[in-house]
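One structure is given here, and the rest of the page talks about it.
Below, read A as the first sequence line, B as the second, and so on, with proteins coming before strands; counting in each chain starts at 1. In this text, all values refer to a predicted model and were calculated from it rather than measured experimentally.
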Number of protein chains: 2
Amino acid sequence: MQKTSIKKRVTLKDVANAVGVHVSTVSRALDPRTRHLITPEVAEQILKASERLDYRQNAAAYSLKTNRTRTIGVVVPDITNPVFPPIIRGVEDALASRGYVAILGNTDGDMRRETGLVETFRSRGVDGLILASVEREDAAVSKLAAEGLPVITVNRRVDDSTVASVVNDEAEGIRRVLTHLVSLGHRRVANIAGPQSLSTGAARYAGFEKYRGPMGLADDRGLVVFANAFNEAEGERCVEELLASGAEFTAIVCSNDRLAVGAIAALSRHGRRCPEDVSVTGYNDMPMVERMQPPLTTIRIQSNKVGFEAGQLLVQMIERPPGEYVAEHIVLPIELIVRGSTRAIHAPNGQDGDTAKPRVRPL
Amino acid sequence: MQKTSIKKRVTLKDVANAVGVHVSTVSRALDPRTRHLITPEVAEQILKASERLDYRQNAAAYSLKTNRTRTIGVVVPDITNPVFPPIIRGVEDALASRGYVAILGNTDGDMRRETGLVETFRSRGVDGLILASVEREDAAVSKLAAEGLPVITVNRRVDDSTVASVVNDEAEGIRRVLTHLVSLGHRRVANIAGPQSLSTGAARYAGFEKYRGPMGLADDRGLVVFANAFNEAEGERCVEELLASGAEFTAIVCSNDRLAVGAIAALSRHGRRCPEDVSVTGYNDMPMVERMQPPLTTIRIQSNKVGFEAGQLLVQMIERPPGEYVAEHIVLPIELIVRGSTRAIHAPNGQDGDTAKPRVRPL
DNA sequence: GTGGCTGGTGCAATCGTTTGCACATAACCA
DNA sequence: TGGTTATGTGCAAACGATTGCACCAGCCAC
């Protein structure tokens, strides 16, 4: 009965005593990278003993000595926003397999809170940072990267390309959406663009501007309206603005799903049904939008993969000798998901597969 | 121009040298709890200097010395499940104000991964644990608590009441749902119960069994079917099972929103419309269910508050001398949210306001 | 048989804090 | 004025790991 109710944690010294060697020998035997320095049989004994005694390295001591914490900081605007959990999940999956863990912070879109969090994380000695909260202009972040701290932005980027990033192919996403709408016969397509201070908002808007001419869409200035945030309320406001301006359109490309959700709500409040009167598209394919009425046509981004790639890349940066990496920029492909919120315009009768059968009378 | 490109981190010693005192004096001056030991003017100087030099405590050294990390481990089944982010957010908000941070892990409902994560977290020396992933029988968790590690379960509980918890008033939630349905004239109410290995599933089912008799509902055994998981697929499967059994019902009480979402989908596949033919209720009021078609009648839980309370309580437990606390159990009130997925039975025509006032003929 | 390697281990310093204790100096009271 | 008590500060030992260096065998080659 060795049921000591107060368990002291077992240290290297305990293992060393058990085997009859010095702590440094144990330390070396336990680290795969230095194990070759030790006589195989001794190493074996040490492994056995450390197993038997249930030794686990003291993370604090390790950090103090090596200046590495195997911890990385993850900063998001708000974990409650459905866009971010899959990303975080991806990050954690990538980290877990390499023995790292993530600590998390929310900024609520406030840049001062971002810098505050980064401070907190740095003082805890994080080995690297993954930021989902950056704006395009973010001198603080560039400085971090310049100081040699491994940093990656996810989903968004900063304009300064010296900081690594993993993002989605925004322009291509918009191109796909437009192609889809054009194929349904739409020519007057409005755009609810996201905040231009965020790379996602800017890149999607840029895509819209780039492609709408070549695709034969009307390029009225009045067809674009800018949201101040990526949320439902702004989606509603922007639709109000569009309607008030008297602009004519048969479809709205929204810069993300939440804007689209708000847009559809506002449209229906004004007696315009989606998709019968107006087609609406989103961006992100966040959870549940396929269960909405109408189910949302949108661009699926690989959120989980974005996080996973970022996690992997960050660990690489961390474990590479300092200064030996250049800022990588990974762009992941997207996918168009066609659902019920888009429909052919003025199609008097049959056509095929793609979406809804537009047995619709012209207006 | 003191632009040293390689910033050495400033330590207590640096501050001590700057002021001309010993590091121990600096250490004491910086800690509010020991500041009174120092001559006020000296303390002032030290504060100033540490400010000026931008001193920040080395977390690893602190931990090594004090055995405290100001870090707590949070374990959830899957952060991607919309129920959890608000809870996590609440936890983090509570922790942040006290200088703690959270590290996060996902189990995907696998109990072995739970114990693995707990191991990882312990080896990193977390000061406490918040578990959203526990099953009712969880000897490992009880043992943790018994060993003196502060542990709180959130949303769920373990049967062993020695481990603290913050949960919702499940029985009351079910009572409210049933009251609502009864007032709409429903008498044959089915129940898609959640997994009975989870306290939420068990407590809600217990509520159903407890109240349906007294409220005058049919208490056929055949009206209850058990889901093996809280997800849409199981919701669908359970409806199939109900329909196949030939059971008659005009409403289904689902143990959570995702089951309800699945249930509605399966019903409509079988030509039963919600709410016209069958009323359906959920539980949790997770994001977006108000945008579904039909918008879901459900029980709103205070997810954010659950997390916040748990965070607060845990910090209290941590900062109290060991053994000086008893396991507290906090139960938070819920709220019935009536939306479009419930309707009065046999209502031939009009209705209004709330949802349908029971212009109902008794059966 | 001696000198030089080399491979395996131990020694001890170190990372940056906290904290019990010793030691001054000043303050107090008789 | 002398002895006692406060009061503020410094000293040094931890905490548990990593790691450069010294050491000591044993082995090989000459």
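- Comparing the axis of the opening five pairs of the helix from C:dG1-D:dC30 to C:dA30-D:dT1 with that of the closing five pairs yields an angle of 50°, rounded to 10°.
- For the pair B:Leu12 CG and C:dT18 P, the interatomic distance rounds to 6 Å; values are reported in whole Å.
- Within 6.0 Å of atom CG in B:Asn67, 12 or fewer heavy atoms from other residues, nucleotides or ligands are found, so the atom counts as exposed in its surroundings.
- Looking at B:Ser27, its side chain never comes within 3.5 Å of a backbone N or O of B:Val23 through a donor-acceptor pair.
- Nucleotide C:dT9 holds its P atom 12 Å from the NE2 atom of A:His36, rounded to whole Å.
- Between B:His22 and B:Leu64, the one whose closest nucleotide on DNA chain D sits nearer the 5' end is B:His22.
- The nearest whole Å value for the distance from the CG atom in B:Asn67 to the C1' atom in C:dT19 is 15 Å.
- From the 5' end on, the contacts that DNA chain D makes with chain A at under 4.0 Å to a non-hydrogen atom open and close at D:dG16 to D:dG20.
- In terms of heavy-atom proximity, A:Arg113 sits nearest to A:Asn106 at NH2-O, 3.0 Å.
- Applying the 6.0 Å contact sphere to CD of A:Glu137 captures no more than 12 heavy atoms from other residues, nucleotides or ligands.
- In this entry the distance linking NZ of B:Lys65 with P of C:dT14 reads 18 Å, nearest Å.
- Atom P of nucleotide C:dT19 and atom CD1 of B:Ile38 are separated by 13 Å, given to the nearest angstrom.
- Rounded to an integer number of Å, the gap from A:Arg28 CZ to C:dG10 P is 9 Å.
- Salt-bridge annotation for B:Arg35 and B:Asp31: absent, with no side-chain N of the basic residue lying under 4.0 Å from a carboxylate O of the acidic one.
- Counting to the nearest Å, the P atom of C:dC15 and the NZ atom of B:Lys13 are 6 Å from each other.
- Residues from residues 42-63 of chain A placing a heavy atom under 4.0 Å of any atom in DNA chain C, listed by number, are A:Val42.
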Mind running side-chain contact (heavy atoms from CB on, under 4.5 Å) on B:Phe84 and B:Ile79 for me, showing each step along the way? CA-CA 6 Å; B:Phe84 298 111; B:Ile79 192 191; 5.5 Å; no
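- Base contact: B:Ser24 has a heavy atom under 4.0 Å from a base atom.
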